[in-house]
2 protein chains.
Amino acid sequence: MSEEKELKTEELILEAAEKVFINKGFAATKTTEIAKEAGVTHAMLHYYFRTKENLFNIVFQNKVQLLANSFFSVVHQDKSFTEIIGSAIEHHFDFIKENPELGLFIINEINSNEKNSKIWSDIAVPIFSNAVSSIKQMIDTEVQKGTIRPIDPVDFVQTVVSLNIFPFISKPLFKNLRHVSDKEYEKFSEQQKKENIRLVLLMLKP
Amino acid sequence: MSEEKELKTEELILEAAEKVFINKGFAATKTTEIAKEAGVTHAMLHYYFRTKENLFNIVFQNKVQLLANSFFSVVHQDKSFTEIIGSAIEHHFDFIKENPELGLFIINEINSNEKNSKIWSDIAVPIFSNAVSSIKQMIDTEVQKGTIRPIDPVDFVQTVVSLNIFPFISKPLFKNLRHVSDKEYEKFSEQQKKENIRLVLLMLKP
DNA sequence: ATTATCTATAGATCTATAGATAATGC
DNA sequence: ATTATCTATAGATCTATAGATAATGC
């Protein structure tokens, strides 16, 4: 069998599943569509993954991990607070730009199924807690120095996430109001990133 | 028949449909569930609304209109620019707080069906265009006076909407990181509103 | 011998309607 | 006479599996 020439069937199904699930959500996705997208017969899907739910869980857990980690790439270097915050926002924005559908997908699935909410709690919350406490330390230090105003670290993270994710989520709402000629969109998107950084630093000013 | 003692069947179905559709989305909603929620037999749903799609369209159009108008309650009074912006944000925030699921519902349905995207364009975009141009006038005037920095009015609206809607949309993501004892949530929510107003005005400073 | 693939179909679920019956308004 | 309601079911999908056949690795 062509071992490496093409992706293996199992891999093809998984990739197709990611695409379709993220696009349509669990409920609206048909296993037949995933099979078609993967270019394999429908029975193969059940042969490798047994159930639709099984396949979904694999996809969902992977994506939760990915999204949760994207919030915090803060590699503590010998940089100033402002620089650390700036580059963290930049990194997060770039990730969201590469994966614009991910946030919405995960929020929707958490809302529609209690089990998914549990998966989120188990995987993402520990990552968050950890990162939030290190951000809290930085904030406390700066507040003591008088360089920023006090702010709840969770509020802070939520505001950053909001500013970065929402432009992509709400794109369809504003689509017909803009001159987004795709060529200009790239530029617009970079401006947005800069503006978000500016706004967050402004918000922190005493 | 009890004309006014209870809601009529048609009304009961419509209200149940709103609830279930907004909660689960079109694809995941079963007409049997709507009937059950309304407390009527399943056949009644089809008797009054013929098809699931029909019923959905009525709900969707109503909600699109509602959401689109919520963005702009700017009654041009004899108030300052700052006051107008502040009260507009406040009004919008309060609306979102009363209807926290609405934004996500509409975004999802636009994403999953081209026809819904068309409905949004037909209903919401005219309302937006109208309001955006009046905001643009206000901004231009203030910019000329040197009281604010120049900003694209669509960007401006999108930022406000983002700051107001996202805390509610992303609530499940941050749920387990907070002390949200429901009694405290009301206070938190009011703080959030104030903070959003502060942030937007800050953003506009030259 | 084991693993991968295919065709065919069982069984569950869901939308929609047919046809009968009850309630309401002239 | 018309409108509203009910029960029963047709017809369309969709998930999952059974059972047969082909490919692969010792």
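Reminder, nothing fancy here: chain letters follow the sequence lines and each chain counts from 1.
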All N/O contacts under 3.5 Å from nucleotides 14-17 of chain D to the protein, with atom names and distances to one decimal?
unit_1 : atom_1 : unit_2 : atom_2 : d
D/dT15 : OP1    : A/T29  : O      : 3.4
D/dT15 : OP1    : A/T31  : N      : 3.3
D/dT15 : OP2    : A/T31  : N      : 2.8
D/dT15 : OP2    : A/T31  : OG1    : 2.7
D/dA16 : OP2    : A/K52  : N      : 2.8

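Between B/F105 and B/F60, the ring planes lie perpendicular to each other; the angle is over 60°, past the 30° to 60° tilted range. Ring geometry for A/H42 against A/H46 counts as perpendicular: the plane angle is over 60°, on a 0 to 90° scale with 30° as the lower cut.
We find the CG-CG distance between A/N99 and A/D94 to be 11.0 Å, quoted to the nearest 0.5 Å. We find the OG-CG distance between A/S121 and A/N116 to be 11.0 Å, quoted to the nearest 0.5 Å.
Listed by chain and number, the residues in a side-chain contact (heavy atoms from CB on, under 4.5 Å) with A/K118 are A/D122 (sequence neighbours excluded).
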Which dot-bracket string fits DNA chain D when only Watson-Crick or G-U wobble pairs with both atom distances under 3.5 Å count, crossing pairs get [ ], and | stands for a partner on a different strand? ||||||||||||||||||||||||..

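If you take CZ of B/F49 and P of D/dT5, they are 12 Å apart, rounded to a whole angstrom. Rounded to an integer number of Å, the gap from CE of B/M44 to P of C/dG19 is 16 Å.
The side chain of B/T41 contributes an N or O atom lying less than 4.0 Å from OP1 or OP2 of D/dC6.
Without hydrogens or angle criteria, B/W120 side chain to A/L173 main chain gives a donor-acceptor distance under 3.5 Å. Judged purely by atom type and a 3.5 angstrom limit, A/N23 has no side-chain atom pairing as donor or acceptor with the backbone of A/K19.
Looking at A/E190 and A/K97, a side-chain N of the basic residue comes within less than 4.0 Å of a carboxylate O on the acidic one, giving a salt bridge.
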